[in-house]
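A, B, ... follow the sequence lines: proteins, then strands. Residue 1 opens every chain.
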2 protein chains.
Amino acid sequence: MKRKQRRLSADDRRTEFVNKATELFAEEGFGGGTRALARKLGVTQPLLYRYFPSKDDLIKEVYRKVYLGPLETGWDMLLSDRTRPLRQRLQEFYEAYTDAIFTRKWLRIYLYSGLKGLDINRWYVGMVKDKILSRIIRECRHEAGLPMQGRPSAAELELAWVFHGGIFYYGVRKYIYEAPVLEDKAQMIGDALDIFLAGFECLSQGSSDRGQTPIKAVS
Amino acid sequence: MKRKQRRLSADDRRTEFVNKATELFAEEGFGGGTRALARKLGVTQPLLYRYFPSKDDLIKEVYRKVYLGPLETGWDMLLSDRTRPLRQRLQEFYEAYTDAIFTRKWLRIYLYSGLKGLDINRWYVGMVKDKILSRIIRECRHEAGLPMQGRPSAAELELAWVFHGGIFYYGVRKYIYEAPVLEDKAQMIGDALDIFLAGFECLSQGSSDRGQTPIKAVS
DNA sequence: CGAACATTTTATCGATGGATCAAAAAGGAT
DNA sequence: ATCCTTTTTGATCCATCGATAAAATGTTCG
């Protein structure tokens with residue numbers, strides 16, 4: 001009872017390899033075997049080497065596809081559109097962004113590649129900083145009526161990172177640890193935003209009980 | 001030019017295996033080879049099997065040591081001591097807790113084992129929830145003069161998780177991604193606490209602009 | 001010293017994983 | 001049906017890995 005319809009076009013086969021490899025590596029890590037991968041495709045293992053010179057090249061292709069996925073959603077304009085209230089923009093942005101990255105596949109590949117210390121991971125983190133967090137800070141400062149300086153301070157960026165990381169960690173808890181989480185993701189984002197925005201505002205008005213500027217710039 | 005002083009006592013050799021294995025697995029993941037491990041010890045590979053029945057048993061030992069490490073710091077009483085201001089307690093707790101877990105070794109082993117979906121990881125996450133986050137919520141409610149119910153609601157827990165995860169992610173960024181972070185860890189914790197506490201307080205006083213209870217309990 | 005014991009090494013087995021190459025099989029064109 | 005091209009397979013190589021057994025070396029104590 002063999003498959004009749006074997007042969008696929010070169011492009012289709014290639015993308016099929018990348019897709020199934022993403023699934024396999026997400027579950028097993030990049031140590032997953034090429035034979036297990038071939039089995040998932042219903043083909044034999046040497047066929048892989050007709051489409052990729054080595055397993056490492058396949059892995060690089062997986063990176064590319066996974067890391068570039070979230071960027072195709074066009075969320076970047078959402079943040080800066082000042083015709084709408086900031087809270088609403090942030091809510092919408094984070095719902096869209098987490099829709100893109102909160103999947104078992106994405107998060108696991110992301111963490112596995114992060115543990116390998118790859119350049120593409122550093123690139124992604126840098127992009128999050130520049131395209132997301134810096135903008136959030138800028139908009140928050142604008143909202144709070146603070147003077148606009150060229151770049152956010154390291155301390156402000158850190159605040160945004162902690163906020164962003166908190167949301168990110170929701171995905172890790174749900175899809176990596178498979179721990180019970182608040183099911184309503186939108187509510188989680190909303191509550192986190194309430195805290196963050198209220199806290200940011202309180203601090204901006206100098207109501208800190210420590211004897212220093214609420215958000216101190218690092219010299 | 002061979003080593004003269006080879007032979008170690010059984011106990012010393014065993015702990016040496018576990019220690020070096022922790023280092024190795026932290027860097028390479030649990031796929032790290034037993035031969036590489038032996039090389040780190042300056043012994044031959046079969047010696048491992050005189051102290052551990054299998055590689056898996058060695059790995060279990062590594063888990064035990066790593067996961068139990070942070071618990072030996074006795075931080076758990078810090079949180080509930082109401083003779084001191086809440087903010088100070090939280091600051092001190094998180095500085096101590098992150099001193100214990102913010103190391104390259106700990107974080108990498110934690111993430112690798114989390115990706116394997118192990119029971120010990122679930123146990124640890126549950127412990128964080130019960131021993132840390134639930135207490136924080138309880139103390140925050142007390143501070144805000146809110147009525148004390150038996151257990152924190154799922155939404156409140158989620159709030160604490162997002163806060164906690166944000167701080168945790170600082171360690172991931174620094175030691176896993178090796179990304180530049182705000183160097184002053186204490187300041188990061190302080191700022192995150194300011195935001196969290198201020199936000200929590202604002203919300204508790206019903207100043208949310210959404211038409212609902214600030215922190216809504218999930219039915 | 002030298003016997004008794006514990007520790008470490010040498011040699012090796014079987015399984016698995018990445019990679020190669022020639023041969024076979026499948027589809028399309030004439 | 002026959003030929004040609006492209007895809008796929010079967011067989012295999014070599015390195016590595018976990019694990020085992022037996023030999024050898026160091027340690028202890030009479």
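Residue-environment remark: CZ (R151(A)) stays at or below the threshold of 12 foreign heavy atoms within 6.0 Å. Sparse packing is recorded around CZ of R64(A), with 12 or fewer heavy atoms of other residues, nucleotides or ligands lying under 6.0 Å away. Within a 6.0 Å radius of NZ in K129(B), no more than 12 heavy atoms belonging to other residues, nucleotides or ligands are found.
Between F93(B) and W75(B), the ring-plane angle classifies as perpendicular under the 30° and 60° cut-offs. In this structure, F102(B) and F168(B) have perpendicular ring planes: the angle between them is above 60°, well past the 30° mark.
The interatomic distance linking R50(B) (CZ) with dT10(C) (C1') rounds to 14 Å, in whole Å. In this structure, OH of Y51(B) is placed 8 Å from C1' of dT8(C), rounded to the nearest angstrom. The CZ-P distance, from F25(B) to dC17(D), rounds to 12 Å in whole Å. At whole-Å resolution of the value, CG in L47(A) and P in dA22(C) are 18 Å apart. In this structure, the CZ atom of R14(B) is 16 Å from the C1' atom of dT7(C), given to the nearest Å. Atom CD in Q45(A) sits roughly 14 Å away from atom P in dT16(C) (whole-Å rounding). The CG atom of L41(A) sits 14 Å away from the C1' atom of dT7(D) (whole-angstrom rounding). Y49(A) places its OH atom 6 Å from the P atom of dG18(C), with the value rounded to the nearest Å.
Between dA19(C), dA21(D), dG18(D), one nucleotide has an atom nearer to the side chain of P46(B) than all others, and that is dA21(D). The side chain of R7(A) lies closest to dG27(C) when the candidates are dG27(C), dT20(C), dT9(C).
Residue contacts for F52(A): at a heavy-atom cut-off of 4.0 Å it reaches no nucleic acid atom on any strand shown. In this structure, R13(A) reaches the sugar-phosphate backbone alone: every heavy-atom distance under 4.0 Å involves primed, P, OP1 or OP2 atoms, never a base.
The residue among D11(B) and P53(A) whose nearest nucleotide of DNA chain C is located toward the 5' end is D11(B).
Scanning for side chain to side chain contact (heavy atoms under 4.5 Å, CB included) contacts around E143(B) gives L86(B), with sequence neighbours left out. Every residue meeting the side chain to side chain contact (heavy atoms under 4.5 Å, CB included) condition with D12(A), not counting sequence neighbours, appears here in chain and number order: L8(A), S9(A).
Contacts with DNA chain C (heavy atom under 4.0 Å) in residues 29-38 of chain A: G32(A), G33(A), T34(A), R35(A), listed by number.
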